[in-house]
Amino acid sequence: MPGLVITVCTILGLAVGSFLNVVVWRVPRKESVVRPRSRCPECEEPIRPADNVPVVSWVLLRGRCRTCGARIPVRYPLVEVGCAVLFGALAARFWDSWALPAYLVLAAALLALSVIDLEHYLLPNRIVYPLSLAVPVLLAGAAVAEGDGGALLRALLGGAVAFVAFLAIHLVSPRGMGLGDVKLSFVLGVALAWLGWRELVLGLLLGFFYGALVGVALIALRLRTRKEPVPFGPFLAAGAVTAVLWGEPILTWYLDR
Ligand SMILES: [Zn+2]
């Protein structure tokens, strides 16, 4: 049974990843993600269905548009593979839980938000707001199915706690913590606290830890100066995903030493 769920979710992840590439390109440009059909940004030729197969098409086309030969960034297959791996790992973790859909939606949105934040220093409300509604609603469904109202209450409280904490940091240091990060913290808090209070603390702290680690490394390698901004969204996302996937073993390892 886990094998089947993992396989289905991994394949679903490839397809969702392909859609996320559309989201990542169009949402920051304020375009519709539904219409028109995907086209080459260079020559504007619509992409044939046969050339739109995740990963495979990119490899067969050797990363170039069939019509004009423009380079298709390696980001496209990477997002598709990344989404498939995330979905597969989440399925392995939650294959027997009704909470699986909530975490799949969260992971897909976090992947898109991370790529957009890296490129545009932006966490668009058009993604964060619907996500902040979808995850609590899906978890409410899971709470009903599993008869676990306590987890839902803890999740909502966790979202509020994370939001207030991040808002406080933003008010103290607006440059260090953007308003987009504050808005995102609510849904991260919800998803982490559904698992437990310790997961909430671990997931958020890991975000700061990753951010600090990479920030220091970039400055040490002279890739950035201290004054250049580093987007925080991808680190928050990575911290939350780490705690969702491996929170239990990490906490057990840490607390048992
Ligand atoms: Zn083209």
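Since the structure is predicted, the reported quantities are computational estimates derived from the model, not experimental observations. Numbers here simply count residues along the sequence, with the first being 1. Counting starts at 1 for both ligands and their atoms, following the listed order.
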For this session: Under the salt bridge (charged side-chain N to carboxylate O under 4.0 Å, His left out) rule, what do Glu80 and Arg75 come out as? Steps first, then yes or no, please.
Result: CA-CA 9 Å; Glu80 288 157 358; Arg75 186 188 77 215; over 6 Å; no

For this session: For Phe232, enumerate each residue passing the ring-ring contact (aromatic ring centres under 6.0 Å, His included) test, keeping only those at least two apart in sequence or located in another chain.
Result: Phe208

Exercise. When clusters are formed by joining ILVMFWY residues with side-chain heavy atoms under 4.5 Å apart, either directly or through shared neighbours, do Leu104 and Leu106 land in the same one?
Worked result: yes

Exercise. Is there a donor in the side chain of Tyr76 and an acceptor in the side chain of Ser18, or the other way round, less than 3.5 Å apart?
Worked result: no

Problem set entry | Listed partners of Phe235 passing ring-ring contact (aromatic ring centres under 6.0 Å, His included), at least two apart | none

Exercise. By residue and atom, what protein N/O/S atoms are less than 2.8 Å from the Zn ion (ligand 1)?
Worked result: Cys40 SG, Cys43 SG, Cys65 SG, Cys68 SG

Exercise. Quick one: side chain to side chain donor-acceptor pair (under 3.5 Å) pairs with a partner in residues 23-45, sequence neighbours left out?
Worked result: none

